[in-house]
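What you are looking at is a predicted structure, and each value in this text was computed from that prediction instead of being measured.
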Amino acid sequence: MRQRRPFHRKKAVTKSKTAGETQVSEEKVEEPAKPAVKYIELPPSLTVKQLSELLNVSGVDVIKQLMRNGVMAHINQVLDYEVAAAVAGEYGFSLPGKSDTAGKTAGEKEEKKYHRFHEEPSEHQVTRPPVVTIMGHVDHGKTSLLDAIRETNVIDTEAGNITQHIGAYQVEIKGNLITFLDTPGHEAFTAMRARGAQATDIAILVVAADEGVMPQTAEAIDHAKAAGVPILVAINKTDKPGANSDKVKQQLGEHNLLLEEWGGDVICVNVSAKMKEGISDLLENILVVAEVSELKANPDRPAVGVVIEAEMDKTRGPMATVLIQAGTLISGDVIVAGETWGKVKAMLNDKGKRVKKAGPSTPVIVMGLNNVCRAGDALEVVSSEKEARSKLDSRLLEQQIEAITSKRPAKLEDIYSQIASGQIKELNIILKTDVEGSIEPIKLSLEKLSNDQVKVRIIHSASGTMTESDVLLAVASKGIIIGFNARIEPGAKNLADVEGVDIRNYAVIYHIIEDVEKAMKGMLEPVYINVVDGRAEVKAVFTAGKKDKVAGVIVREGKFARGSSVMVKRDGKVIIQSNVSSLKRFKDDVKEVNTGMECGVGVDKFDDFKVGDILETYHKTKST
């Protein structure tokens, strides 16, 4: 049956035939059905390809529409907001005003992205407990310190019932609460920041008195500084022979961490987790830092928070450890967390006891979500299941836009356009070098490039390989990684590819400075990267003809094709780049060989193969 178009009663003005007076009568007046409005948000600038993905139309169609508007563009060309908005309008999309989206400053966007809840000061706010994360070098006593704090200060501890591990817990000192996030270290801390969650108020840096500042200690310092949280130093293992607190303090000063006793503002406490010494002093100083920070929140509003960890329990279903940041979460509330929602069926505190509500800075396990969420997801209370579904749809749309426009950190060649549009005011750089002596001259030269529009910041520098921790820091800070004769770990390379982190490795210092300077002036040429098509391992070496040698290989990944570009790697280093000159299966020449198959490979102008060499075929593509 054909449906009738919607209508409403409309007041119509008619003339009376007898009295000539004007009167109002009601009659049914049909109106055409309005088409559904499609809304979309656009960033200040984006490529033709990104626009086509947002509009869900082909890139060719977008290019045609641009041509109709007098704009000649290719698939990777960057469009400004007005041009992109005009194309979106042609496809029936409605957009908010530019001031609502593109006009936001970088700071406003960052605050929106981060899940730390910021409230305007009001009479409803009360002091809340500080949230603390402990970081430091491996084996310097982070876990021992956490255990010592928990064993002696957990609220209402009963014999045989210390706490169950939920990734966060509270302790009490002189009637004041402190919340600890039990994370593995600065990598987990920064991984949450990379996902948008800024939950920590204070970072405790643990340094062993007998070993001093180690590479991971320096990383933890830079990660905490990049997050903008106060740092409190705990010099641990002061009971051990060879402990030298003064030497540790000097080393900290060399890493620009100035302690109070040396005229700085960083509090330093001597502790021994093993002997349970200095624990009370450490906790009291945490409260001092918290008091200076004036941490407040309104407990009377609907709760907002951040997911610390989540899992699927075999008997209780999806469970999430949540840190409430503002408001009060009450059993029965409807919540949205990341890409899922649900109704709070039950809550457990850090001692495994059921609770009916949780206020600001309180960690609880929440049950009742429809699916497992992720660490770093934002949680908020909504008024109804209908609003939860609507909020979830809005979040998914935001994430789609984020994935296309904002997810990936800055590329060096895009810096100028981002500076010009006001998207960035700081260029964050992670610097890794082969030797310690190269750091300072490169760091000083780069920082001198700062100008009125943008500041160049070296947020972390160290010698050694580029690691996953470096990549996570680049993601969290929207920075780039610059290496000087530095190798990159395979896991870090894979993570950088997934997250879109720009990694540049140089052999000449002058080229580093030149490229960054060109990028800031908008003159840097795009970078072309190698995309691996196939990877094979040399199992034997054979003689072909009088002098030539071929490699007997097994293809481990992808495929090998005759004529492809190929690089030969030995001990992780590229020893030659050339082309595949021949490809044989048994005695037959073939065009290509797939994964799992053995073959003979000849490389143009190279025959010095050795068993164990890795051959990679590749093609070049523009870095996006």
Side-chain angles (χ1 to χ4, degrees), residues 49 58-60 74-76 434 465-468 471 481 483 485-508 511 525-624:
K49 181 181 179 181
S58 73
V60 174
H74 53 78
I75 193 68
N76 291 318
D434 54 348
T465 58
M466 292 176 266
T467 65
E468 290 186 25
V471 176
I481 301 175
N485 293 324
R487 293 176 59 185
I488 180 169
E489 294 178 356
K493 178 66 170 68
N494 294 335
L495 181 61
D497 290 341
V498 170
E499 297 290 350
V501 171
D502 193 4
I503 298 179
R504 306 272 179 140
N505 210 354
Y506 297 85
V508 180
H511 291 163
E525 293 294 324
V527 170
Y528 289 87
I529 59 174
N530 296 333
V531 178
V532 175
D533 298 315
R535 185 176 285 108
E537 180 183 355
V538 177
K539 308 298 286 185
V541 181
F542 304 101
T543 301
K546 294 182 179 180
K547 296 182 178 180
D548 294 338
K549 291 182 180 180
V550 297
V553 307
I554 180 169
V555 180
R556 299 294 189 189
E557 298 176 32
K559 64 181 181 180
F560 265 57
R562 192 169 65 232
S564 297
S565 297
V566 66
M567 61 179 74
V568 181
K569 291 184 174 181
R570 186 171 298 158
D571 298 327
K573 294 182 179 180
V574 178
I575 58 176
I576 189 173
Q577 289 179 289
S578 186
N579 298 300
V580 176
S581 58
S582 65
L583 203 59
K584 287 180 179 288
R585 282 273 295 161
F586 303 105
K587 294 183 180 181
D588 300 327
D589 288 319
V590 292
K591 289 185 178 180
E592 65 180 40
V593 179
N594 294 314
T595 303
M597 300 175 71
E598 295 181 342
C599 62
V601 178
V603 174
D604 189 29
K605 298 179 181 178
F606 181 79
D607 61 3
D608 184 25
F609 297 106
K610 290 186 178 180
V611 174
D613 285 350
I614 300 297
L615 276 60
E616 290 181 347
T617 57
Y618 65 94
H619 68 275
K620 288 186 176 292
T621 186
K622 184 179 176 181
S623 176
T624 57

Is it the case that atom CG in Asp571 sees more than 12 heavy atoms from other parts of the structure closer than 6.0 Å? no
Less than 4.5 Å apart, side chain to side chain, heavy atoms only: is that true for Lys584 and Val550? no
Heavy atoms of Asn485 and Ala507 approach each other most closely as OD1-CA, 3.3 Å
Would you name the heavy atoms of Glu592 and Leu583 that are closest together and state the gap between them? CA-CD2, 3.7 Å
Value for OG1 (Thr465) from CZ (Arg487), rounded to nearest 0.5 Å, stands at 8.0 Å
Can you name the closest pair of heavy atoms from Ile503 and Ile488 and give their distance? CD1-CD1, 3.2 Å
Assess the residue pair Lys539 and Glu598 against the criterion (side chain to side chain contact (heavy atoms under 4.5 Å, CB included)); give the C-alpha distance rounded to whole Å, side-chain angles, the decisive distance to 0.1 Å, and a yes or no. CA-CA 9 Å; Lys539 308 298 286 185; Glu598 295 181 342; 5.7 Å; no
Heavy-atom side-chain proximity of Val501 to Met466 below 4.5 angstrom: no
For residues Val538 and Val541, report the shortest heavy-atom separation together with the two atoms involved. CG1-CG2, 4.3 Å
Separation between CZ (Phe606) and CG (Leu615), nearest 0.5 Å, reads 8.0 Å
Rounding to 0.5 Å, atoms CE (Met597) and CD1 (Ile554) come to a distance of 10.5 Å
Which pairs, with at least one residue in residues 573-582 and sequence neighbours excluded, count as a side chain to side chain donor-acceptor pair (under 3.5 Å)? Gln577-Tyr618
As a quick check of understanding, evaluate side chain to side chain contact (heavy atoms under 4.5 Å, CB included) for Arg535 and Ile614, giving each step before the final call. CA-CA 7 Å; Arg535 185 176 285 108; Ile614 300 297; 3.7 Å; yes
Which heavy atom of Ala492 sits nearest a heavy atom of Val471, and at what distance? O-CG2, 3.6 Å
Does any N or O in the side chain of Thr617 come within less than 3.5 Å of the main-chain N or O of Gly534, such that one atom is a donor and the other an acceptor? yes
Euclidean distance, Ile576 CD1 relative to Asp608 CG, rounded to 0.5 Å: 9.5 Å
Could you pull out every donor-acceptor pair under 3.5 Å between side chains of residues 558-569 and any protein atom, sequence neighbours left out?
unit_1	atom_1	unit_2	atom_2	d
Arg562	NH1	Val590	O	2.7
Ser564	OG	Ala561	O	2.9
Lys569	NZ	Glu616	OE1	3.2

Report yes if some heavy atom in the side chain of Asn594 is under 4.5 Å from a heavy atom in the side chain of Val555; otherwise report no. no
